[in-house]
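These notes concern the structure reproduced below.
Note that this is a predicted model, so its numbers are computed, not measured.
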Amino acid sequence: MQYTKPMIDLVYEIRRRVDADMKPSVKMANPEMLRELADYHHHTKDTITRTLIKELLHLAGDEWHQLVEPAKTEMTNTTEIPKQVVKVYRGQTILVDAPHAAEEGIALRAALLVSDIPPAAKPVRMYRGHPVL
């Protein structure tokens with residue numbers, strides 16, 4: 001396979017971001033590098049690494065890009081695919097499983113209950129135990 005300049009840059013960036021045990025296999029001389037990266041894409045939780053791998057496989061061609069995104073017929077056969085939400089915690093981007101429908105219903109119900117409460121009256125200022133007008 002011929003690597004283009006953007007593909008080479010992506011490989012360098014991916015190599016910098018992957019785990020230490022994966023780094024020796026992320027090199028241009030490894031003929032199985034793209035297949036191993038596709039497998040790593042499914043196991044990692046780092047969204048930036050996942051995006052870089054997806055972009056690399058997209059640049060490599062359709063046969064490689066299909067390793068990351070399964071066919072639509074396979075998606076309909078599975079009963080339920082867990083949805084994930086991107087959250088930022090202390091500057092780090094992570095994927096978190098989305099709440100289930102029951103949890104969403106409870107959160108929605110709680111939000112409706114909180115919005116039904118009228119706003120509090122203007123607080124009275126106090127000075128040494130006496131209200132200030």
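- Taking CD1 from I14 and CG from L56, the interatomic distance works out to 4.5 Å, rounded to the nearest 0.5 Å.
- Residues meeting the side-chain contact (heavy atoms from CB on, under 4.5 Å) test with E13, sequence neighbours left out: R16, R17, L52.
- Around NZ of K23, the count of heavy atoms belonging to other residues, nucleotides or ligands within 6.0 Å exceeds 12.
- In this structure, the separation between CG on L57 and CG on L10 is 10.0 Å, given to the nearest 0.5 Å.
- Summarising the geometry of P31 relative to A29, their closest heavy-atom pair is CD-O, 3.2 Å, with the distance given to 0.1 Å.
- Applying the side-chain contact (heavy atoms from CB on, under 4.5 Å) rule to E63 yields no partners; only residues at least two apart in sequence or on another chain are considered.
- Of all heavy-atom pairs spanning S25 and M22, the tightest one is OG-O, 2.9 Å.
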Evaluate the criterion side-chain contact (heavy atoms from CB on, under 4.5 Å) for residue pair E32 and L34; output intermediate values, then yes/no. CA-CA 6 Å; E32 295 293 317; L34 294 176; over 6 Å; no
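- Summarising the local packing, OH of Y3 is surrounded by more than 12 heavy atoms from other residues, nucleotides or ligands at distances under 6.0 Å.
- By the side-chain contact (heavy atoms from CB on, under 4.5 Å) test, T44 is found to be paired with Y40, D46, R50, residues two or more places apart in sequence or in another chain being considered.
- Between M33 and K27, the shortest heavy-atom distance links the atoms SD-O, 3.5 Å.
- Note that CD1 of I8 is 11.5 Å distant from CG of L59, once rounded to the nearest 0.5 Å.
- Note that CE of M7 is 9.5 Å distant from CD of Q2, once rounded to the nearest 0.5 Å.
- Under the 4.5 Å side-chain criterion, counting only non-hydrogen atoms from C-beta, M28 is in contact with V11.
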What verdict does the side-chain contact (heavy atoms from CB on, under 4.5 Å) test give for N30 and V26, after you've listed the backbone C-alpha separation in whole Å, the side-chain angles of each residue and the deciding distance to 0.1 Å? CA-CA 7 Å; N30 184 3; V26 181; over 6 Å; no
